[in-house]
Amino acid sequence: MNDPENLPQIVAGCRKGERQSFSQLVDIYATRCYSYFYRLTGDREQSSDMVSELFVKLLEKIGSYRDGLFEAWLFKIASNIFYDHLRHRRRQKKLLEDRFLQQKQADKGKTHSEVEMIDRLHIQLEKLDRETAELLMLRFYSGLSFKELARMRAEPIGTTLSKIHRGLKKLRQLMENDDG
Amino acid sequence: MMMANDKDKNFDELLARFYNEADAREVKDDIESGDKLLASFPESAASAELVDNIKAGIDAKLARRPRHLYYKVAAVAAVAALIIVIINLLPSPLPSTRPGEPSPIAVAANKVLDNGGIFSETDADLALFSAEFEQLETSLSTLRLEETANGYEHMADSVDALETKLIEIETIFWKG
């Protein structure tokens, strides 16, 4: 029923305003998009707000979707929402730095299994620059190929490949250092 | 969760474009290890409540949309019908129109009424109706100029009424 192989039919139904089709899209993409936002923000409430905003924009813009990979179109909207959130967050940067430091202090006395509950992955992603972290999560949750990502980001494929390689390598090193 | 590189069917070819054999192997290992690392963390699933709220929000917006659209379509149809009535009441054809040919305004008005998918629910149709509003306004302006240039003062009242109605409809359109 929610088989992604039926995605073209589901999207066509959405363009006609069919409720059932929108419902199917939510079922297919809600968790992936929520995870994408959550990994980048570490905040469940904000991630819920952002994924809700994403589907509102999907409803508003579905008429403009014509051809091409649906995931690329959808995650482009998601990426824009994340960067809007980032711009808003920069205005509250001091508050967030304090919260991160408080979290770090709180983590020191804990075991690894306890820290994992606080989401180690997000903590390490925070140590990467925002663009690299977002690109890694975009690639992971959208499932897009290097070529499709490069096209979405309007950059050469070699640049996208290089950024992802460096980002994943750095992330792995951060995780290994955190273990050690 | 699908591994992110499932779609990179020609990954080796891609790497060969940018790296020598040894470096390509290393880059490939780094990327595949990174993908496995990401996949090893449990997914943060959207709660059932969140999913239900999203669906309810979409349902509410879809439910509102047809009423607005029908209202706007009715407004456009009303002005188009008014134009056709006025055209039919005009005593003589417009000088810019060849005998037997419909006037530009009648063509525009009929086009609106004949437009397929009039009860469609896509934004593309709303954009089309907006464009046709503009076309009707342009035709009206043309009619005004011809009326003044050729002394068709007897058309003035009809054109005034049409213009007033068009402005009124347009105001309601954008308010809706």
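All values reported here derive from a predicted model rather than from experimental measurement. First the proteins, then the strands, lettered A, B, ... as listed; each starts at 1.
- Ranked by heavy-atom pairs under 4.5 Å with chain A, the list B:Gly34, B:Ser44, B:Pro42 is led by B:Ser44.
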* To do: Apply side-chain contact (heavy atoms from CB on, under 4.5 Å) to A:Val26 and B:Ile58, showing your working.
  => CA-CA 10 Å; A:Val26 173; B:Ile58 289 173; 3.8 Å; yes

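- Highest contact tally toward chain B, considering only A:Val51, A:Leu136, A:Ile164, is held by A:Val51 [criterion: heavy-atom pairs under 4.5 Å].
- The minimum heavy-atom distance linking A:Ser52 with B:Ile54 is given by the pair OG-CG1, 3.8 Å.
- Atom OG of A:Ser23 and atom CG of B:Leu62 lie 11.0 Å apart (nearest 0.5 Å).
- Distance check: B:Leu37 CG to A:Met175 CE gives 5.0 Å after rounding to the nearest 0.5 Å.
- Residue contact with chain B, scored on non-hydrogen atoms closer than 4.5 Å, is absent for A:Arg166.
- Follow the hydrophobic side-chain contacts under 4.5 Å out from A:Leu125 and you reach A:Tyr83 in the same cluster.
- In this structure, NE2 in A:His165 is found 14.0 Å from CZ in B:Phe18, a value given to the nearest 0.5 Å.
- Atom NZ of B:Lys55 and atom CZ of A:Arg19 lie 13.5 Å apart (nearest 0.5 Å).
- Once rounded to the nearest 0.5 Å, the distance linking CG of B:Asn10 with CZ of A:Phe146 reads 12.5 Å.
- No path of Ile, Leu, Val, Met, Phe, Trp and Tyr side chains, each step under 4.5 Å between heavy atoms, connects A:Tyr29 with A:Val56, placing them in separate hydrophobic clusters.
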* Audit row: B:Glu26, A:Lys169, side-chain contact (heavy atoms from CB on, under 4.5 Å) steps and yes/no -> CA-CA 11 Å; B:Glu26 184 183 336; A:Lys169 189 172 179 178; 3.5 Å; yes

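- Note: B:Tyr19 OH to A:Leu161 CG = 4.5 Å, rounded to the nearest 0.5 Å.
- Residues A:Met137 and B:Leu38 approach most closely at CE-CD2, 3.6 Å, considering heavy atoms.
- Counting all heavy atoms, side chain and backbone alike, B:Val51 lies closest to A:Ala30 at CG2-CB, 4.1 Å.
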